[in-house]
Amino acid sequence: MSNTAIMSARERIDNLVDANSFVEIGGLITKRNTDFNMQEKAVPADGVITGYGVVEDNLVYVYSQDVSAMNGAIGEMNAKKIANLYEMAIKAGAPIIGLIDCAGIRVQEALDALAGFGDIYMAKVKASGVIPQISAVLGSCGGGVAISSKLSDITIMDAQNGKLFVNSPNAIAGNRVEKCDTAAAEYQAAAGNVDVVCDSEADVLAEIRELITILPANAGVTAGMESTDDKNRILAGFDGYARDAAAALTKIADSEKFIELKAAYGKEMVTGLMTLDGMTVGAIANTEEAVLSTDGCKKAEQFIYFCDSFGLPIITLTNVTGYAATMEEEKTISQAVADMTYAFASAGVPKVNVITGKAYGSAYVAMNSKHIGADLVLALDSANVGVMDAKAAAQIMCEDEIKKEADTKSALDAKAKEFDKLQAGAEGAARRGYVDNVIEGESVRKHLIYAMQMFGMR
């Protein structure tokens, strides 16, 4: 695998943190191993630069693997440096960022290197849900290092030089890299292993800086930033965005800035981060397909747990009519929906649901409904809430009556209209207490901000 690097390990850090803010830790540490003539090989800083700095005045801890020193391979002391940095970050309550460009395990150090992998894994597990962890795949990230990257909360990948793999493409039976580059950003993002793909290293580092400004420093503090956007901003024509989830969330967000995560995976669901009047929230929404899929539910489930860990309120835009219907989906969809339902129901952070389109059947119940613990449910005045499509329901309930009519089509339409009025409209759900308020689409942003203020998020 190629390890072509645009920036050096040090340059990457300098481009990530605020100017002159980085303080290196453990710069003189080097290998202890002498097997295979290792005593004759110089490994500056043992192949990884570790330390701390600030990003937009926010304290962060950073390690950057040095591909020029034994290809950045992880050995005993290299791993100890990373694990020790994690201990410091946890005590300081600050995010940790890994800039990954590494040939994998340092084979010459054998079992000591394997023990090092264990040290890193344990450190990352201890930090899970305590401080945000971000991995940036800037070069090779293979084998056990790929596992390490997935122990982070967010993985960002450079599409040009990043390679993420457990087994290299040529090691997979029947495959060659020319046939399918399974280590490429496009492939790994579609598999759900990468949250954000960027066009260059510079873009990756800029994306990390953006994330640091809106993520909480740790699980014990509230996330947010100053906002100059009008909290009462009207979203003209918002109803037209109801089927385009990413566009709808962008319209709602402060300064129309929405950071979508895992965009290429589980495309029936949109997840991401944004601020509302400066308050950081996690957002989940159904896309135009209006169905729950296995991958979409897994994507939402993971994101819910992330938000719950760091005290981020969750808002959902619901537009769902049922489930993805294929033979493959039938094997997995029930468990995936159950897992997502459990995540919504068990999350202790404020949860607000906005029904933007159709909300039908048990799929609607699973999408952060009042029935499974949503704290506040709003519905657009154009939304429909019910057991199923009105015409399908009328066909089932009134089949005998409709058959007696000469014009069955008109009879069906009339019954469907009657059902829609009584059961399927948003007002029907509001009368039963399943919807707290029916609102106009243009007022969604201010209602969500009011909700966050009501829950004491400001």
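When reading the values below, keep in mind they use all heavy atoms of this one structure, side chains included, and skip hydrogens, waters and symmetry mates.
- Salt-bridge annotation for Lys351 and Asp375: absent, with no side-chain N of the basic residue lying under 4.0 Å from a carboxylate O of the acidic one.
- Looking at Asn175, its side chain never comes within 3.5 Å of a backbone N or O of Ile172 through a donor-acceptor pair.
- Legend: ring-ring contact (aromatic ring centres under 6.0 Å, His included) pairs involving residues 235-286, not counting sequence neighbours: none detected.
- Residues passing the side-chain contact (heavy atoms from CB on, under 4.5 Å) test with Lys267: none are found, sequence neighbours excluded.
- Heavy atoms only, all atoms of each residue included: Val17 and Val60 are closest at CG1-CG2, 4.2 Å.
- Residues Leu235 and Lys251 approach most closely at CD2-O, 3.4 Å, considering heavy atoms.
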(message) One pair to check against side-chain contact (heavy atoms from CB on, under 4.5 Å): Met122 and Leu151. What are the steps and the verdict?
(response) CA-CA 10 Å; Met122 180 59 81; Leu151 285 169; over 6 Å; no
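- Within the structure, the ring-ring contact (aromatic ring centres under 6.0 Å, His included) test picks out no pair touching residues 274-294 (sequence neighbours left out).
- Annotation for Ala253 and Arg233: closest pair O-NH2, 2.9 Å, computed over non-hydrogen atoms.
- A pairwise comparison of heavy atoms in Ser140 and Ile100 identifies O-CG2, 3.8 Å as the closest pair.
- Between the side chain of Asn218 and the backbone N or O of Gly93 there is at least one donor-acceptor pair closer than 3.5 Å.
- No more than 12 heavy atoms of other residues, nucleotides or ligands sit less than 6.0 Å from atom CG of Asp199.
- Checking Val365, Val435, Asp436, Asn353 one by one against Lys370, the side chain to side chain contact (heavy atoms under 4.5 Å, CB included) holds for a single residue, Asp436.
- Ser152 and Ser135 form a side-chain donor-acceptor contact under 3.5 Å, judged by distance and modelled atom types alone.
- In summary, the side chains of Glu256 and Thr250 do not present any donor paired with an acceptor at a separation below 3.5 Å, with no hydrogens or angles considered.
- Scanning both residues, Ser148 and Ile120, for their nearest heavy atoms gives OG-CG2, 3.7 Å.
- At distances below 3.5 Å, at least one donor-acceptor pair connects side-chain atoms of Asn286 with backbone N or O atoms of Asn319.
- For residues 269-326, the pairs satisfying ring-ring contact (aromatic ring centres under 6.0 Å, His included) are Phe306-Phe310, with sequence neighbours left out.
- For Asp229 and Arg445, the salt-bridge test passes: some basic side-chain N is under 4.0 Å from an acidic carboxylate O.
- A side chain to side chain contact (heavy atoms under 4.5 Å, CB included) with Asn193 holds for exactly one of Gln188, Met157, Lys262; it is Gln188.
- Under the 6.0 Å cut-off for aromatic ring centres, Tyr364 and His371 qualify, their centroids lying closer than that.
- Around atom CD of Glu11, more than 12 heavy atoms belonging to other residues, nucleotides or ligands sit under 6.0 Å away.
- Ring geometry, Tyr63 versus Tyr86: the interplanar angle falls from 30° to 60°, so the pair is classed tilted.
- Looking at Ser382 and Asp239, their side chains do bring a donor and an acceptor atom within 3.5 Å of each other.
- With hydrogens and angles left out, the side-chain atoms of Thr326 and Glu328 include no donor and acceptor closer than 3.5 Å.
- Applying the ring-ring contact (aromatic ring centres under 6.0 Å, His included) test to Tyr61 and every residue at least two apart in sequence or in another chain returns Tyr52.
- Counting only distance, with no hydrogens or angles, the side chain of Asn161 and the backbone of Gly139 share no donor-acceptor pair below 3.5 Å.
- Atom NZ of Lys126 sits in a sparse spot, with 12 or fewer heavy atoms from other residues, nucleotides or ligands closer than 6.0 Å.
- A salt bridge between Asp181 and Lys163 is present, with a side-chain N of the basic residue lying under 4.0 Å from a carboxylate O of the acidic one.
- A pairwise comparison of heavy atoms in Thr356 and Ala383 identifies C-CB, 4.5 Å as the closest pair.
- Open room surrounds CD on Glu427; 12 or fewer heavy atoms of other groups in view lie less than 6.0 Å from it.
- Between the side chain of Asp277 and the backbone N or O of Ser227, no donor-acceptor pair lies under 3.5 Å.
- For the side chain to side chain donor-acceptor pair (under 3.5 Å) test, no residue two or more places apart in sequence or in another chain qualifies with Lys299.
- Using modelled atom types, no side-chain atom of Gln133 and backbone atom of Ile154 make a donor-acceptor pair closer than 3.5 Å.
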